[in-house]
Protein chains: 2
Amino acid sequence: MHLQGAYGNVPYTVKQYRTNSGISAVANTCTRMETLSSQRPTMLDVAALAGVGLTTVSRVVNGKRGVSETTAARVRAAIEQLDYRHDVQASSLRRLDRKTATIGLVLEDVANPFMSALHRAVEDSARERGMLVFAGSCDEDGGREREFIGALRARRVDGMIVVPAAPDHSYLLPELRVGTPVVFVDRPPRFLDADSVTADDRGGTFMAVSHLVAGGHARIAYLGADQGIATAEERFRGYRDGLAAHGLDVDPTIVRLGLRSIEDAERAAAELLADGRRPTALLSGQNYFTVGAYRALREHDVLRRVALVGFDDFPLAELLDPPVTVVAHDPVELGLAAARLLFRRLDGDRSPSERIVCPVHLVPRGSGETPPKTG
Amino acid sequence: MHLQGAYGNVPYTVKQYRTNSGISAVANTCTRMETLSSQRPTMLDVAALAGVGLTTVSRVVNGKRGVSETTAARVRAAIEQLDYRHDVQASSLRRLDRKTATIGLVLEDVANPFMSALHRAVEDSARERGMLVFAGSCDEDGGREREFIGALRARRVDGMIVVPAAPDHSYLLPELRVGTPVVFVDRPPRFLDADSVTADDRGGTFMAVSHLVAGGHARIAYLGADQGIATAEERFRGYRDGLAAHGLDVDPTIVRLGLRSIEDAERAAAELLADGRRPTALLSGQNYFTVGAYRALREHDVLRRVALVGFDDFPLAELLDPPVTVVAHDPVELGLAAARLLFRRLDGDRSPSERIVCPVHLVPRGSGETPPKTG
DNA sequence: ATGAAAGCGCTAACAT
DNA sequence: ATGTTAGCGCTTTCAT
């Protein structure tokens, strides 16, 4: 028991604590002169106050066995009294597995309802394991993705869940090799063999086209994003394949790709509707585009004359009048699956990379069941 | 220059690199025997490969002056070649200011559209300064708030932005004292003197009541959350004060507090509408409750007979039919103001704590302009 | 059951 | 302009 002077052979500025039992003890290294009150207590402070060694405090904090219950209680009391907080950064620096109990989540946009629902699912999974998540938005910008992932690397996250934006992910190879698992979600990685959880994009638009054709439509327009985005490409493929499967041709004049925003989609839909030979149905490749298309339909007062089916469900879709028919995949399902996969890797699973594909569902609500009308 | 053997008096396992100029150098401490290939390169590896000292690498990485351009270029090449990534955790451990370039963001729910818009605003502000943000959800649970903030403390975040859930924040006092700034947003802290950015909640509901009264309404119901939540209390106060200001009494039978979800609100609104002496207008204290109320109105087929005004704007409010009149405050504005305040504190501002109140706006869209009808 | 000492990757003070 | 050394707060190894 060290009552005064120095701890080990490290020189300390003496600081006295008074414990319940009236024992006083020494604490806090203080080479630089600063007001002690503004310093955070360290394990050494706790050790001194509890009258035990540094290692014992470490054992208690990490819940390791080999400490008597009485000692542990004293340590816990000291922690409480000093408002001590373990430093996971310093801890991870020295620990063998270098784990930081932190994961990175690379999203398209944390404020997109689909992405934020996915975020919440990942957060909940992480919390169960006492892990925190760094989330960030890339806005479909590959450069920002690299930048953000670089920042995650610099913080030594234990793993990452990524909605990819970049056209090439081979730059992540060293990271994977060093043992940091990366799970791709919503879209598969490019030029990299890694785990992924995606939705059946092609199947979704195929299903949507079939639904519209079954409803009598033969002139179906398409609103899609840049074909550089894997999801967008697959969805467009489903549209083409769907038409082909029903013996219909793709009419390039009613296909609008490369859209980026609600406004883009609204403009594109407005153009299509203004045309003399306008489509009898609109198929939108993404939640935001569906909203834009809906606005255009309302603006042109053809809400119940031109059908609309959207990919991705969105909040309030069922409250609109008419409610919006969508092809939906559950972001929570994607997020949970991705997290499960990531944690399995963190737990040491080294089996070949997996490609999980979640099914999509058609949710008929009204807007997609409008029969075709001409003029 | 060290060509072989040991670096300083630290024993190393020798590892040879060949540089462009043909100089070979030593690297990588390796006490534990592990395959070197699976190790992350450290500054020492970079230093060895570039044929310079450790400090020089540190200087280059941190962009400090005092390194010749030729040396810097050699170092950068080595960094590139080894795919070296700076370890901010280790860096922060040793650096004087202990900064981690990380902030914590404590939200009610990352998936709530209001919260995720705020999140995005904070993220964008943080990115400008090269900082990352830990976001998490507390679901109005004070215990979860403390738990999450504890995890943030353990990761030594530089500062926090908090949408408070707990009934008492004095537990954050040691954190503030140790120099970690905390800015409260959307709601003020309780039992703690700290910065806050809030909306004019009382003024908002007061305005809403006045608007409805001006439209001829005298029987206005209220749907609100638990009065333990500061925002909820202020909004309810604005409702009462608004009625009083127009000589109207609060009728407790048409006030429903303590709601927690869309479903709660839908049920409460349905009850109010089923009653013989039903209100002519509904005032909702929160975005989710507005959605619930809207559903109930539609269910009872009184969408254009009973008026509805909601607090908080929400996506697609203007797309509904009738579009929803709301009292809105901008989450982006709140987020940006909170971030600005936090960064000012991080830059050393020690002036007395600030209480910023953002104005709210009435956005008449239709649902709130329905004239009162009886029966 | 407990403690002393070494050292994780880095920055800062002090050389030169 | 560059290098050497100490040590940030912690975990681990090896004592006892």
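Lettering of chains follows the sequences in order, A, B, ..., and the numbering in each one begins at 1. Note that the structure is a prediction, hence the values are computed from the model and not measured.
Distances shown here put every side-chain N or O of A:T56 at or beyond 4.0 Å from the OP1 or OP2 atom of C:dA1. The phosphate of C:dT2 (OP1 or OP2) has a side-chain N or O of A:S68 nearer than 4.0 angstrom. Proximity of B:K64 to the phosphate of C:dT11: no side-chain N or O atom is located under 4.0 Å from OP1 or OP2.
The pair A:R127-A:E123 meets the salt-bridge criterion, with a side-chain N (NZ, NE, NH1 or NH2) lying under 4.0 Å from an Asp/Glu carboxylate O. Comment: B:R344 engages B:E354 in a salt bridge, judged by a side-chain N to carboxylate O separation of less than 4.0 angstrom. For B:D347 and B:R129, the salt-bridge test passes: some basic side-chain N is under 4.0 Å from an acidic carboxylate O.
Nucleotide D:dC10 holds its P atom 5 Å from the CE atom of A:M43, rounded to whole Å. We find that CG of A:L44 is positioned 10 Å from P of C:dA4, with the value rounded to whole Å.
Contact annotation for B:K99: no contact, since no heavy-atom pair falls under 4.0 Å across all strands. Here B:S92 lies out of heavy-atom contact (under 4.0 Å) with every strand.
Contact annotation: side chain of B:R59 to base of D:dT2, donor-acceptor pair present below 3.5 Å. Below the 3.5 angstrom threshold, one finds no donor paired with an acceptor across the side chain of A:R40 and the base of D:dG9. You'll find a donor-acceptor pair under 3.5 Å spanning the side chain of A:T55 and the base of C:dA4, going by distance alone.
At a cut-off of 3.5 Å, with distance as the only test, no side-chain donor of B:D139 or B:S137 sits close to an acceptor on the other residue.
For the pair B:E69 and B:R98, nearest-nucleotide mapping onto DNA chain D gives the more 5' position to B:E69.
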